[in-house]
There are 2 protein chains.
Amino acid sequence: MIHNYNSEDKVLLAVDCIIFGFDEEDLKILLVKRDFEPERGKWSLMGGFLKRNEDLDQAANRILHHLTGINNVYMEQLYNFSKVDRDPVERTISVAYYALINIAEHKQELTENYSAKWFSFSEAPQLIFDHDRMVQHAIHRLRYRTSTKPIGFELLPEKFTMRQLQKLYEAILNDKLDKRNFINKINSLDILLKLDEKDMNSSRKGSFLYMFDEAKYKKKIADGFSFRL
Amino acid sequence: MIHNYNSEDKVLLAVDCIIFGFDEEDLKILLVKRDFEPERGKWSLMGGFLKRNEDLDQAANRILHHLTGINNVYMEQLYNFSKVDRDPVERTISVAYYALINIAEHKQELTENYSAKWFSFSEAPQLIFDHDRMVQHAIHRLRYRTSTKPIGFELLPEKFTMRQLQKLYEAILNDKLDKRNFINKINSLDILLKLDEKDMNSSRKGSFLYMFDEAKYKKKIADGFSFRL
DNA sequence: ACAAAAGTGTTTAAGGTACACCCATGT
DNA sequence: ACATGGGTGTACCTTAAACACTTTTGT
């Protein structure tokens with residue numbers, strides 16, 4: 001006897017994306033204004049529905065691309081939100097994903113999307129449904145992940161200064177860090193490449209630019225190194 | 001205009017449970033032998049389908065109870081597994097949960113369930129579909145969680161010895177720990193209640209029994225304490 | 001008396017934290 | 001010459017890790 005699942009309930013599976021960016025000062029999230037009922041006019045995460053012929057990662061990437069033009073960024077599945085009445089229109093389970101994008105690099109794509117807007121994380125408006133809870137999960141995960149994996153670089157330009165990196169971590173962790181201790185720690189990890197080039201925008205003296213050396217990092221990981229910041 | 005979702009695809013949402021236990025020596029997982037095709041006769045996680053009128057936590061609890069008679073144990077949502085062809089019968093997305101149960105306390109309920117069997121974590125058979133990947137996720141999460149939250153106690157009897165607690169952590173972390181360092185660390189956390197009572201089963205001298213003092217732990221957490229083992 | 005597990009502290013190494021001044025440059 | 005951000009090192013303290021012997025009691 002072959003089991004079949006005909007008698008089981010089927011549901012709609014939504015994917016909602018918490019999109020983080022960083023603008024040299026603040027951690028930001030990208031929101032859209034809903035242009036349909038219910039909750040028309042309120043701000044919301046970017047979302048869509050899983051299709052029959054794709055897996056969740058593909059759906060999250062498709063939805064992100066469809067709503068922002070952005071492709072190929074760091075995304076991670078977070079958690080499911082499944083309260084029976086969470087969506088007033090119809091029973092829907094939502095899978096939250098979060099994404100890290102470099103705002104500067106993707107400014108172009110985004111200006112074409114009129115309803116999307118960056119908000120400072122701390123000043124974001126209230127969101128529809130249970131989207132605020134999703135954001136809370138996401139920031140929590142982001143803090144953990146950036147402390148144990150070198151994914152913070154996804155939010156920075158390819159070349160960045162120590163100062164930018166420190167400000168990024170301060171924004172994510174919502175805490176001030178000591179400049180010397182931070183640099184000592186980063187340097188002790190030995191996963192950055194210091195360039196000869198300087199960034200002259202932020203000061204007269206100029207500050208050296210660095211790049212994340214992914215090859216070196218991977219080699220160290222294979223040798224048992226563990227990232228911890 | 002009210003949006004409706006009629007044109008969207010619906011899917012089956014399964015819930016699969018990784019059930020951990022501990023028997024004084026080894027970490028164990030509870031598996032069932034499938035009695036239907038496909039993969040009849042192979043071992044599998046306990047699973048079922050989400051129903052229309054319940055959320056995922058409720059579904060996970062219902063499924064666990066239905067297949068084992070067990071209620072009211074620690075459960076946590078893990079991750080979704082959504083490859084398009086992961087289930088050969090029909091497109092199914094599976095939400096993995098893991099549960100922690102005290103084997104001794106629930107021995108009765110389980111003996112009545114003939115197809116369920118405890119396996120040492122390290123000696124478990126190969127599982128159907130992507131269940132082995134689910135188990136990998138679960139052990140990883142369990143290691144992290146037991147290092148940062150006092151949930152290990154869920155796997156022990158209410159009263160336990162330091163030795164049992166140490167063996168539990170050794171089993172979860174798959175590593176030997178130093179007895180003196182372990183006890184010093186636990187004591188420094190100051191979240192256990194030492195009883196006057198001794199357990200006389202494991203030695204002639206007998207060893208003191210302890211309980212997790214949840215009230216004390218919660219008070220300490222409220223005061224900014226953070227558990228780390 | 002001996003076997004078997006329980007219980008107990010100290011020393012050392014490593015990592016984390018706090019902290020203040022000089023440098024280079026454009027205006 | 002001065003204002004602005006960049007860059008650098010050390011002392012102290014806390015936490016982690018290594019390590020061995022005595023106690024109790026049933027047989």
Side-chain angles (χ1 to χ4, degrees), chain A residues 23-26 143 146-148 156-157 159-171 173-211 220 223-229, chain B residues 23-25 143-144 146-148 156-157 159-171 173-211 220 223-229:
Chain A
D23 72 348
E24 313 274 302
E25 214 48 61
D26 285 330
R143 282 178 183 146
T146 50
S147 301
T148 53
L156 293 174
K159 302 173 179 181
F160 51 85
T161 67
M162 277 290 181
R163 203 57 176 182
Q164 286 175 292
L165 186 60
Q166 183 181 344
K167 283 193 167 166
L168 170 66
Y169 273 90
E170 289 179 336
L173 302 174
N174 191 27
D175 201 9
K176 283 260 166 258
L177 301 175
D178 179 84
K179 179 167 55 159
R180 279 170 292 186
N181 291 342
F182 182 78
I183 293 174
N184 286 340
K185 194 138 167 200
I186 294 286
N187 283 335
S188 77
L189 295 175
D190 187 31
I191 54 172
L192 294 189
L193 200 63
K194 183 176 189 170
L195 306 177
D196 287 331
E197 212 174 329
K198 279 189 165 190
D199 169 64
M200 299 307 292
N201 298 316
S202 60
S203 75
R204 305 190 158 146
K205 186 180 179 178
S207 58
F208 281 104
L209 288 164
Y210 293 79
M211 289 177 65
K220 295 187 74 140
D223 290 349
F225 164 81
S226 78
F227 181 94
R228 179 149 288 273
L229 204 133
Chain B
D23 72 349
E24 312 276 300
E25 214 49 60
R143 282 179 183 145
Y144 171 61
T146 50
S147 301
T148 54
L156 293 175
K159 302 172 179 181
F160 50 85
T161 66
M162 278 289 181
R163 202 61 177 176
Q164 284 176 293
L165 186 60
Q166 183 181 344
K167 282 193 167 167
L168 170 66
Y169 273 90
E170 290 179 335
L173 302 173
N174 192 27
D175 202 8
K176 283 261 166 256
L177 301 174
D178 178 85
K179 179 168 54 159
R180 280 169 292 185
N181 290 343
F182 182 79
I183 292 174
N184 287 340
K185 194 139 167 199
I186 294 286
N187 283 334
S188 77
L189 294 175
D190 188 31
I191 53 172
L192 294 190
L193 201 63
K194 183 174 186 169
L195 307 178
D196 287 330
E197 212 174 328
K198 280 190 165 189
D199 170 65
M200 300 306 293
N201 298 317
S202 61
S203 75
R204 307 192 156 144
K205 187 178 177 180
S207 58
F208 280 104
L209 288 164
Y210 293 78
M211 288 178 64
K220 296 188 73 142
D223 291 348
F225 165 80
S226 79
F227 181 95
R228 179 148 287 274
L229 205 133

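Per chain, numbering begins at 1; letters A, B, ... match sequence-line order. Computation of the quantities below employed the complete heavy-atom set of this structure, encompassing side-chain atoms and omitting hydrogens, waters and symmetry-equivalent molecules. On a predicted model such as this, the values are computed, not experimentally measured, just so you know.
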Rounded interatomic separation in angstrom, taking CD1 from Ile183(B) and P from dA5(C): 15 Å
Closest nucleotide among dG7(C), dT27(C), dG7(D) to the Ser207(A) side chain: dG7(D)
Leu192(A) vs Met211(A) side-chain heavy atoms within contact, under 4.5 Å: no
NZ or CZ of Lys198(A) within 45° of Phe208(A) ring axis and under 6.0 Å: yes
Pair of N/O donor and acceptor under 3.5 Å linking dG7(C) base with Lys179(B) side chain: yes
Intermediate values then yes/no, side chain to side chain contact (heavy atoms under 4.5 Å, CB included), Leu168(A) and Thr146(A): CA-CA 10 Å; Leu168(A) 170 66; Thr146(A) 50; over 6 Å; no
Nucleotide nearest Arg180(B) (side chain, heavy atoms from C-beta), chosen from dA3(C), dG9(D), dC19(D): dC19(D)
Under-3.5 Å donor-acceptor pair between Lys205(B) side chain and dT23(D) base: yes
Phosphate-side-chain proximity, Arg163(A) and dG6(D), N/O vs OP1/OP2 below 4.0 Å: yes
Under 3.5 Å: donor-acceptor pair, side chain of Lys159(A), backbone of Asp199(A): no
Value in whole Å for how far the P atom of dT25(C) lies from NZ of Lys198(A): 6 Å
Proximity to the side chain of Ser202(A) - top-ranked nucleotide from dA6(C), dG5(D), dG9(C): dG5(D)
Phe208(B) side-chain proximity, nearest of dG26(C), dG7(C), dG9(C): dG7(C)
